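Note that the structure is a prediction, hence the values are computed from the model and not measured. Position 1 is the first residue of the sequence, and the numbers go up from there. Indexing begins at 1, ligand by ligand and atom by atom, following the structure's order.
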Amino acid sequence: MRVIDQIYIDGAFVTPHGEELADLFNPATEERIGQVRLADARDARAAVAAAKRAFPALSRTSKAERIALLRRLHDAVAARANDLAAAMREEYGAPAYFVGFSAAHAAEVFLNMAKTLEAYDFTRTIGRAQVTMQPLGVVAAITPWNSNAGFICGKLATAIAAGCTIVIKPSEMSAIQTQVVTQALHAAGLPAGVFNIVTGRGDVVGAELTSHPDVAKVTFTGSTPVGKAILRAAADSFKRVTLELGGKGPNIILPDADLDTAIPTALRMGLANSGQACVAGTRILAPEARLPEILERLKAAVAAIRTGAPDDPEVLVGPMVSQKQWDRVQAYIRLGPEEGATLLAGGEGRPDDLARGWFVRPTIFTGVSNTMRIAREEIFGPVLCVIPYRDEAEAIAIANDTAYGLQAYLHGTDVDHMRAIADQLESGRVVINGAPHEPLAPFGGFKSSGVGREYGVFGLETHLEPRAVLV
Ligand code: NAD
């Protein structure tokens, strides 16, 4: 059993001052596979001090120097893609298709940020003013367990591009992925203190970072309740914040959709990362006139989906990350019928052929009204609701009738018409007919899905402060 007992501060692997140990599990087998020693508030303060010392030199680097750092980081992470994929499979049971995307993405974010930087002008003239975009200072980044490596690398890439140093607190449930990524980033040979990685508990290390006076900005990906707590903690010292939070994405099948492609695409978007994705399209909105046909096809398509261990390439739905998450998803599956919904597929318990592991049966509810809790709350598992609509206006109203606004999906044949519908959706991104990720376009949410945007120039500017000099 492995023990991860080092954190990364000031360019070196060090033993944390914190002594608490947390267990690590393989969710496909429920076996305990290791332990991680958690950092404490004193470790967090040491990391912030190192980042503060490294800031003046990094903030003065040229664009070309930062681009060179980003390329080094890309090469170092790309060289460990296989190890990272193995860690993701073992530690959170992500299916092969997701691991493939996610491990590559963790390296590519550096090249994408280098591309953004190449085209970015840090100075501009506005009338009599010379405006310069200044790096904010020390950034604290806090990441969730789902796709932890991608978030660590994305937040690090943005900080470096802006000339900010960073302290990263990854999820305590992703320590194996964090270890692989940290070793890779260390191999890139950046100056000491530019990035520091302290795995610890949210209410200890996370809380210290979000209230520390030397931290200028917090960039957080995680749940909406924790996002609120961070916003409050950051207010005292006016920290800048980027919050990437939860979602309850509408997945709208339009009346003219070709169901041969729309149904499998809508299901893929709904069950992304075994349903453990902020961007999952978990509310399938179906036109009433085609409802019987859509339900029949959804039922057949979900029956064909393979649920199981992540080393099987045919698997689309892997296990939930933890016993706690499994219990939570089961509670929602029980809640559906209590609220008056009907099971079209799935239900409580594990799939019949899986005796252990935190696996959930891919579940679809019909007879759902958008007022039910299963339609309003983020379940974070493979549980979908089908909500019928009479006409387009009602579809848009239901889509927008949610606290969230991260990513919406449209399925149809008339792309111009879908663009017009997209203009009416309260959503940070709208994906038409399963379009692939666009890495330089802004990503982030309306309403309770967050504050600010990541990626590309929109992400870069959240780490910069304009200074205007008037002559
Ligand atoms: P979480 O909010 O429980 O934890 C996220 C991180 O915050 C962890 O590192 C945790 O230790 C830390 N944390 C907890 N309490 C804290 C506190 N008081 N102060 C500072 N930090 C604290 O989320 P999770 O369960 O790890 O991840 C799942 C959630 O993340 C879902 O809600 C999902 O929608 C969201 N998510 C959002 C995006 C996005 O880009 N919008 C992407 C992935 C996940």
Can Arg71 and Glu118 be said to form a salt bridge (Lys or Arg N to Asp or Glu O under 4.0 Å), step by step? CA-CA 12 Å; Arg71 293 210 173 115; Glu118 273 163 18; 2.7 Å; yes
Between [X] and ligand 1, does any nitrogen or oxygen pair lie at a separation below 3.5 Å?
X	value
Asn146	no
Leu245	yes
Lys169	yes
Trp145	yes
Thr143	yes
Arg201	no

List the closest protein heavy-atom neighbour of [atom]: residue, atom name, distance to the nearest 0.1 Å.
atom	value
atom 27 (O) of ligand 1	Pro144 CB, 3.3 Å
atom 7 (O) of ligand 1	Phe220 CE1, 3.2 Å
atom 17 (C) of ligand 1	Gly202 O, 3.4 Å
atom 28 (C) of ligand 1	Phe380 CE2, 3.6 Å
atom 35 (C) of ligand 1	Gly222 O, 3.1 Å
atom 15 (N) of ligand 1	Val226 CG1, 3.6 Å
atom 42 (C) of ligand 1	Cys278 SG, 2.9 Å

Check whether any protein heavy atom sits under 4.0 Å from atom 4 (O) of ligand 1.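 Within 4.0 Å: no protein heavy atom nearby.
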Decide salt bridge (Lys or Arg N to Asp or Glu O under 4.0 Å) for Arg201 and Asp203; before the verdict, give the C-alpha distance in whole Å, the side-chain angles of both, and the deciding distance to 0.1 Å. CA-CA 6 Å; Arg201 283 169 45 156; Asp203 56 354; 2.8 Å; yes
What is the distance from atom CD1 of Ile230 to atom CG of Leu243, rounded to the nearest 0.5 Å? 6.5 Å
Gap separating the CD1 atom of Ile160 from the CG atom of Leu69, nearest 0.5 angstrom: 6.0 Å
Which ligand 1 atoms does [X] reach within 4.0 Å, using its non-hydrogen atoms?
X	result
Gly246	34 (O)
Ile142	6 (C), 7 (O), 9 (O), 12 (C), 20 (C), 21 (N)
Gly206	19 (N), 20 (C), 21 (N)
Phe443	40 (O)

Using 30° and 60° as the class boundaries, would you call the ring planes of Phe443 and Tyr455 parallel, tilted or perpendicular? tilted
Is the count of non-hydrogen atoms from other residues, nucleotides or ligands lying under 6.0 Å from [X] atom [atom1] greater than 12?
X	atom1	value
Asp423	CG	yes
Phe458	CZ	no
Lys447	NZ	yes

Verify whether one side chain among [X] and [Y] offers a donor that lies under 3.5 Å from an acceptor in the other.
X	Y	value
Lys155	Thr219	yes
Lys239	Ser237	yes
Tyr92	Gln276	no

Would a 4.5 Å heavy-atom cut-off, applied to side chains only, mark Tyr389 and Ile396 as touching? no
Arg240 side-chain N/O to His463 backbone N/O, donor-acceptor pair under 3.5 Å: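 Such a contact is absent between Arg240 side chain and His463 backbone.
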Classify the contact between Ser223 and ligand 1 as side chain, backbone, both or neither, using a heavy-atom distance cut-off of under 4.0 Å.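 For Ser223, the contact with ligand 1 is made by both the backbone and the side chain.
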Report the part of Glu378 in contact with ligand 1, treating N, CA, C, O as backbone and CB onward as side chain, heavy atoms under 4.0 Å; options are side chain, backbone, both, neither. side chain
Considering only heavy atoms, which of Gln407, Arg232, Glu172, Arg328 lies nearest to atom 11 (O) of ligand 1? Glu172
